[in-house]
2 protein chains.
Amino acid sequence: MSSRNRIESVAHQTVQKSGLKNLSFRTLGAEVGVKSSSVHYHFPEKSDLGGALIQRYRQSLATTLAEIDDASPNAYDAIKLFSKLFTQECSEGKICFAGMLAAEVEFLNESNREGLQAIFNMYHTWLLDQLNQAGDELKIDLPTPTVAHLLLASLEGALLIDRAHPTNDRLSSVNILIDSWFGKIN
Amino acid sequence: MSSRNRIESVAHQTVQKSGLKNLSFRTLGAEVGVKSSSVHYHFPEKSDLGGALIQRYRQSLATTLAEIDDASPNAYDAIKLFSKLFTQECSEGKICFAGMLAAEVEFLNESNREGLQAIFNMYHTWLLDQLNQAGDELKIDLPTPTVAHLLLASLEGALLIDRAHPTNDRLSSVNILIDSWFGKIN
DNA sequence: GTCTATACCCGGATAGAC
DNA sequence: GTCTATCCGGGTATAGAC
């Protein structure tokens with residue numbers, strides 16, 4: 001893999017652990033095996049690195065969501081798979097990439113903020129799409145946009161709190177909620 | 001107000017905006033009108049300041065929750081009031097104090113982490129208590145601990161995302177969810 | 001309790017050789 | 001594309017005067 005790609009890959013995981021503001025070009029370089037000046041060669045300023053990570057994630061997310069869509073015969077399976085993948089990105093002290101950036105939105109420039117919003121829009125649009133196709137699979141009367149917002153918010157919050165409070169109580173509660181919405185409980 | 005108290009008050013809000021790791025004794029002092037060495041006089045290390053803020057918040061939270069309890073004739077009112085106060089602490093680019101600390105849990109020492117967990121426990125215990133007293137006010141069949149976890153997680157996530165995505169879509173969705181759980185919709 | 005002064009470190013960023 | 005060397009700013013923290 002090119003060193004630029006390796007930098008991006010390590011940086012992405014570092015952001016999930018400690019955020020972009022607290023990521024250092026020096027230690028990032030050390031983890032990849034180059035000097036900080038080499039990192040600056042690829043990403044002149046930190047906001048350039050941030051922009052590249054956001055872009056990269058948007059593309060990979062688009063692919064992932066399309067794959068889930070293809071692999072799922074119905075909305076329930078799709079959303080359960082979404083929740084599973086969303087969670088799997090976050091083992092070992094990591095939280096959602098977009099969630100971490102949201103926590104440090106104060107330190108992002110305009111362009112990076114817009115990229116972050118685009119990620120959240122992507123999540124929401126996809127979820128909404130699934131819910132709108134669910135038909136009578138969905139056993140509740142809330143508007144689908146509301147349900148989509150709730151899904152994303154509860155997943156983000158669950159990952160956040162569960163990392164600080166190492167039981168998976170919040171995350172499994174979200175999964176129970178999804179099951180109940182699709183009539184898989186009671 | 002004593003300068004120690006003023007420091008704590010300003011620091012608390014700064015944490016809600018940009019976190020504890022990115023809070024600087026220098027600029028904190030400047031905002032309060034003293035030098036950084038004076039801040040160090042009261043809080044030798046940053047973890048001491050963190051500990052004081054956590055302690056302070058725990059106490060104020062205990063008081064607040066007790067007051068909501070007293071002021072609310074039923075579980076629905078109590079929880080709506082909870083959601084309202086939880087939100088009001090977070091105007092102007094701020095998010096939940098505990099949520100922000102959870103995002104930077106990597107940088108907290110053991111003692112501060114335990115204090116943070118105690119805050120989340122306090123939220124959860126109080127919510128659970130309300131739900132357990134709700135009786136047939138509650139129109140859903142999920143276990144009350146699950147509901148309490150979901151309430152907290154969705155509120156945290158909603159505040160987080162809504163700050164980055166300046167509509168209040170997530171927060172108002174949580175309020176709709178609460179209404180539906182108590183049969184105030186449909 | 002607050003100040004000045006200072007030590008020390010680490011971060012971002014750049015210049016210029018290879 | 002990567003390196004060494006370097007500058008600068010800002011952060012934590014401490015010593016010692018008032």
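Just so it is clear, the values below take in all heavy atoms, side chains as well, and ignore hydrogens, waters and symmetry mates. In what follows, every chain begins at residue 1, and chains take the letters A, B, ... in the order their sequences are listed.
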Subject >> Candidates dT2(D), dA13(C), dC3(C) - which lies nearest the side chain of H42(A) >> reply: dT2(D)
Original post:
Does any non-hydrogen side-chain atom of N22(A) lie less than 4.5 Å from one of K21(B)?
Top reply: yes
**OP:** With heavy atoms under 4.0 Å as the rule, sort S24(A) into base, sugar-phosphate or nothing.
**Re:** sugar-phosphate
Subject >> Presence of K46(B) side-chain N/O under 4.0 Å of dT12(D) phosphate oxygens OP1/OP2 >> reply: yes
**OP:** Go through the side-chain N and O atoms of H165(B) and N121(A) and say whether any donor and acceptor fall under 3.5 Å apart.
**Re:** yes
**OP:** Using a heavy-atom cut-off of under 4.0 Å over every strand shown, decide if L23(A) touches base, sugar-phosphate, or nothing.
**Re:** sugar-phosphate
**OP:** Starting from the 5' end of DNA chain D, give me the residue, S37(A) or T27(B), whose nearest nucleotide shows up first.
**Re:** S37(A)
Original post:
When the ring centroid of F86(A) is compared with that of Y123(A), is the distance short of 6.0 Å?
Top reply: yes
Original post:
Side chain of V34(B): nearest nucleotide among dA13(D), dC3(C), dT2(D)?
Top reply: dC3(C)
Original post:
When we call it a touch if two heavy atoms are under 4.0 Å apart, what does Y41(B) touch: a base, just sugar-phosphate, or nothing?
Top reply: base
**OP:** Measure from CZ on R26(A) to P on dT6(D) and round the result to the nearest Å.
**Re:** 14 Å
**OP:** Taking the six-membered ring for Trp and the full ring for Phe, Tyr or His, determine whether the centres of W181(A) and Y76(A) are under 6.0 Å apart.
**Re:** no
Subject >> Closest-nucleotide 5' rank along DNA chain D - winner of R4(A) and S36(A) >> reply: R4(A)
